[in-house]
Amino acid sequence: MNEYGHTPETVVEHPEQIPGYTYGGPEAARSPLTLEDLSRLKAAVGFTEEDTAALHRAGRILAERAGDMVTAWRAQLREQPWLAGYSGHPDGTPNPAYSAASKPRFDRWIIDACVRPLDQDWLNYQQEIGLRHTRAKKNATDHADSLDHIPMRFLLAFTAVVITTARDHLAAGGAEGAELDRMHAAFTKSVMLHVTLWTRAYVPAADW
Ligand code: HEM
């Protein structure tokens with residue numbers, strides 16, 4: 001348990017108890033997109049029912065590893081001085097309170113990316129996460145002292161790290177061969193869908 005009283009069990013079993021996690025609730029943003037828009041994006045990324053099934057299997061492996069995955073990703077973000085001020089204080093020094101407060105939501109995202117149905121609640125929360133990376137809502141949830149906007153170029157660039165390192169975690173959790181390929185392909189599509197939706201908060205509607 002950390003100083004905020006979160007345990008891995010909270011993240012897995014009771015996400016509704018994670019502070020600031022407004023998935024499915026009235027506080028979350030409304031997505032400007034419709035389910036029809038979403039079905040076109042799913043088609044564009046090549047997302048199928050097989051991917052849904054493979055993601056559920058991947059989720060059983062990644063749920064146990066989510067905390068470690070986010071810890072490792074954040075270490076990478078801290079190591080690059082030009083990125084440190086977005087998760088730390090504006091001058092790049094560590095901000096442990098902000099890190100601890102936001103981490104359970106990031107951990108939970110890995111599970112959500114594998115198991116949540118891609119419905120209107122999911123669509124809405126992707127808009128919310130996008131906004132929370134921009135000056136519209138960054139820092140607000142945790143009242144954090146940190147830079148107020150993560151440039152879109154870094155959001156997109158870091159996607160490569162999230163996708164490639166997930167394969168190592170699937171393998172470490174026992175996946176191998178064609179099944180590892182299958183789960184990793186599904187996770188890749190899922191991450192691309194998520195991050196693409198998050199960019200909606202950055203880009204004028206007509207350009208997006
Ligand atoms: C593919 C890349 C990325 C993924 C998958 C990702 C994922 C997430 C998720 C799931 C959350 C929690 C949203 C919530 O409140 O429920 C989050 C928040 C956050 N992320 Fe990212 N992120 C990415 C890129 C980045 C980058 C590049 C940085 C920093 C340079 C960053 C810094 C943060 C910070 C500081 C928060 C807390 C935002 C707040 O104040 O509410 N993220 N991220």
Side-chain angles (χ1 to χ4, degrees), residues 4 6 10-11 15-25 27-29 31 45 55 58-59 62-63 65-67 69-116 121-167 169 187-202:
Y4 291 83
H6 307 131
T10 307
V11 170
E16 72 285 353
Q17 293 176 8
I18 299 171
Y21 177 75
T22 57
Y23 198 113
E27 312 90 342
S31 173
V45 84
L55 277 172
L62 297 183
R65 313 186 68 87
M69 292 167 77
V70 172
T71 298
W73 293 338
R74 288 188 151 179
Q76 289 210 27
L77 294 173
R78 265 199 315 274
E79 279 164 14
Q80 301 178 47
W82 47 90
L83 297 181
Y86 303 112
S87 310
H89 290 290
D91 66 0
T93 56
N95 187 338
Y98 185 30
S99 298
S102 56
K103 185 170 186 295
R105 302 196 300 273
F106 202 154
D107 294 357
R108 178 66 211 186
W109 171 77
I110 295 175
I111 301 172
D112 284 344
C114 294
V115 306
R116 289 281 192 184
D121 283 343
W122 175 83
L123 209 44
N124 290 344
Y125 204 62
Q126 303 326 308
Q127 182 69 11
E128 179 70 27
I129 295 177
L131 290 168
R132 289 184 185 193
H133 284 83
T134 74
R135 57 181 63 79
K137 283 202 172 179
K138 186 173 180 290
N139 302 340
T141 307
D142 307 306
H143 310 290
D145 170 46
S146 186
L147 294 178
D148 72 350
H149 182 85
I150 297 165
M152 192 174 73
R153 65 185 182 280
F154 293 132
L155 175 71
L156 294 179
F158 201 68
T159 305
V161 174
V162 169
I163 288 172
T164 54
T165 57
R167 188 178 177 89
H169 284 277
F187 190 76
T188 300
K189 294 178 199 180
S190 175
V191 174
M192 289 311 304
L193 260 186
H194 282 83
V195 175
T196 301
L197 289 168
W198 299 350
T199 64
R200 182 64 180 74
Y202 285 84

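What you see is a predicted model, and the numbers here were worked out from it, not measured in a lab. Read the numbers this way: they start at 1 and go in the same order the structure lists the ligands and their atoms.
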Atom 1 (C) of ligand 1: which protein heavy atom is closest, and how many Å away? T159 OG1, 3.4 Å
Tell me: protein heavy atom nearest atom 10 (C) of ligand 1, and distance? W109 CB, 3.3 Å
Does V162 form a side-chain contact (heavy atoms from CB on, under 4.5 Å) with M69? I'd like the steps, not just the answer. CA-CA 9 Å; V162 169; M69 292 167 77; over 6 Å; no
Contact region, V191 to ligand 1, non-hydrogen atoms below 4.0 Å, reads neither
If you measure every N/O of Y98 against every N/O of ligand 1, is any gap under 3.5 Å? yes
Report yes if some heavy atom in the side chain of H169 is under 4.5 Å from a heavy atom in the side chain of I110; otherwise report no. no
With under 30° as parallel and over 60° as perpendicular, where do the rings of F158 and W73 fit, or are they tilted in between? perpendicular
Using modelled atom types and a 3.5 Å cut-off, is there a donor and acceptor pairing between side-chain atoms of D142 and backbone atoms of A144? no
Any nitrogen or oxygen of R105 lying under 3.5 Å from a nitrogen or oxygen in ligand 1? Just yes or no. yes
Rounding to 0.5 Å, atoms CG (D112) and CG (L55) come to a distance of 12.0 Å
Among D145, N139, T141, the one residue meeting side chain to side chain donor-acceptor pair (under 3.5 Å) with Y98: N139
Under 4.0 Å from a heavy atom of F154: which atoms of ligand 1 are those, numbered in the order shown and with their elements? 27 (C)
Tell me, which protein N/O/S atoms are under 2.8 Å away from atom 21 (Fe) of ligand 1? H133 NE2
Would you confirm whether K138, through its side chain, and Y86, through its main-chain N or O, come within 3.5 Å as a donor-acceptor pair? yes
Under 4.0 Å, counting heavy atoms only: does W198 come that close to any atom of ligand 1? yes
Going by atom types only, do S99 and R78 share a side-chain donor-acceptor pair under 3.5 Å? no
Run through I129, I163, T159 and flag the one making a side-chain contact (heavy atoms from CB on, under 4.5 Å) with V195. T159
Output yes when a side-chain donor or acceptor of R108 lies under 3.5 Å from a complementary backbone atom of V11, and no otherwise. yes
For Y125, take its heavy atoms, then give the atoms of ligand 1 lying under 4.0 Å from any of them. 14 (C), 15 (O), 16 (O)
Side chain, backbone, both or neither: which part of Y86 comes within less than 4.0 Å of ligand 1 when only heavy atoms are counted? both
Does an N or O anywhere in N139 fall below 3.5 Å from an N or O of ligand 1? yes
Proximal atoms of ligand 1 relative to V195 (non-hydrogen, under 4.0 Å): 1 (C)
What residues, two or more places apart in sequence or in another chain, satisfy ring pair (Phe, Tyr, Trp, His ring centres under 6.0 Å) together with Y202? H149
